[in-house]
Amino acid sequence: MAEVIADRIGGDVVSADSMQAYGGLPILTAQPARPTRLVGVWPLSHDGSVAEYAALAHREIDDLLATGRTPVVTGGTGLYLRAALAELRLPPAPSVEQRRRWERIYDRVGGEAAHGLLAERDADAAARVHANDRRRVVRALELTELGSSLRADRNRLWSDEVRYPTLVFGLDVPRDVLDARIEARARSMFDRGVVEEVRDALTAGVSATAIHALGLREIAELPQEQAFAAVVTRTRRLAAYQRKWMRRIPGLVSVAGDRPADEIADEMLEVARARQRLPAGRAG
């Protein structure tokens, strides 16, 4: 849908997907066939962050607007979408050595003890993180050392503040249709060689951030049919979470997404015209 809209209004798609930002896993992360901004910009060995992504997204959006083209930001990852559209006060990134030090501490003392240490330093953050969630416990401990917190700035995260006048659309697809699409996409991934893709990626080396790409560990560790079932289950859970995220976006315009793309585009562009959000001369 983003590609259809971009073609009709003279724009470019900017990805807001945290894992599509990585190269090397185009099948697993369902990367688009045509070149898309902020897709495949990081090597798998890179520890990307939302703050780094935000700087890249702002540059891409600013450059497009400066040349008279319309950014069509799509995703993906809820926090990355907000980071692309707004100026969020994001926690600082740790150094590589700092992260490794806290990872060693977590591994040495165990999850419960590390979580207890976090509770002493930042009780609010500890209340939001499970002791077994190594990645988030480590991140929260890093932030306490940097004078920050894992707690999101909730008011700003869910506000309607944006860097430029923006319309946000959400594609609402019936659950049974969405479940069928998820299963079909997962089957297509395996048919296209995702097992080999994952094997090659792990052989080359994957960062502590990229390793969290949905399905990577399951495909690497389980027999194929079990991995397929696990990917479907996890994707459905993610979709349910994303739907909740989407509905909290202020000013969201929800449109039925189980229709032909041109029909959906007609409705979206009609809303944009009514709200005077289309550039002059781009009727769509």
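Every heavy atom of this structure was used, including side-chain atoms; hydrogens, water molecules and symmetry mates were not.
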message: Assess the residue pair Tyr241 and Trp245 against the criterion (side-chain hydrogen bond (donor to acceptor under 3.5 Å, both in side chains)); give the C-alpha distance rounded to whole Å, side-chain angles, the decisive distance to 0.1 Å, and a yes or no.
response: CA-CA 6 Å; Tyr241 174 77; Trp245 230 102; 3.0 Å; yes
- prompt: Is a side-chain N or O of Ser15 found less than 3.5 angstrom from the main chain of Asp17, in a donor-acceptor match?
  reply: yes
field: Side-chain donor or acceptor of His58 paired with backbone N/O of Tyr53 under 3.5 Å
entry: no
task: Establish whether Val14 and Val39 are linked, either directly or via other cluster members, by ILVMFWY side-chain heavy-atom contacts under 4.5 Å.
output: no
query: Hey, is Arg217 close enough to Glu221 for a salt bridge, meaning N to O under 4.0 Å?
result: no
task: List the steps and the verdict of salt bridge (Lys or Arg N to Asp or Glu O under 4.0 Å) for Glu270 and Arg273.
output: CA-CA 5 Å; Glu270 183 59 35; Arg273 280 191 289 270; 3.1 Å; yes
task: Would you name the heavy atoms of Val13 and Ala6 that are closest together and state the gap between them?
output: CG2-CB, 4.0 Å
- request: Report the residue from Val50, Val168, Leu88 that forms a side chain to side chain contact (heavy atoms under 4.5 Å, CB included) with Arg82.
  value: Leu88
query: Are Asp63 and Arg69 ion-paired here, with the side-chain N under 4.0 Å from a carboxylate O?
result: no
field: Aromatic plane relationship, Phe228 with Phe190 - under 30° parallel, 30 to 60° tilted, over 60° perpendicular
entry: perpendicular
task: Check whether more than 12 heavy atoms from other residues, nucleotides or ligands sit under 6.0 Å from atom CZ of Arg100, and answer yes or no.
output: no
message: Side chains of Thr209 and Asp47 only: does a donor on one sit below 3.5 Å from an acceptor on the other?
response: yes
- prompt: How long is the gap from CG on Leu141 to CZ on Arg121, to the nearest 0.5 Å?
  reply: 6.5 Å
field: Separation of Ser18 OG from Trp42 CH2 (nearest 0.5 Å)
entry: 8.0 Å
message: If we ignore hydrogens and angles and just use 3.5 Å, is the side chain of Thr166 paired with the main-chain N or O of Tyr164 as donor and acceptor?
response: yes
Any donor-acceptor N/O pair, His115 side chain to Val129 backbone, under 3.5 Å: yes
- request: Drop me the distance from Asp12's CG to Glu60's CD, to the nearest 0.5 angstrom.
  value: 9.0 Å
Over 12 foreign heavy atoms within 6.0 Å of CZ, Arg185: no
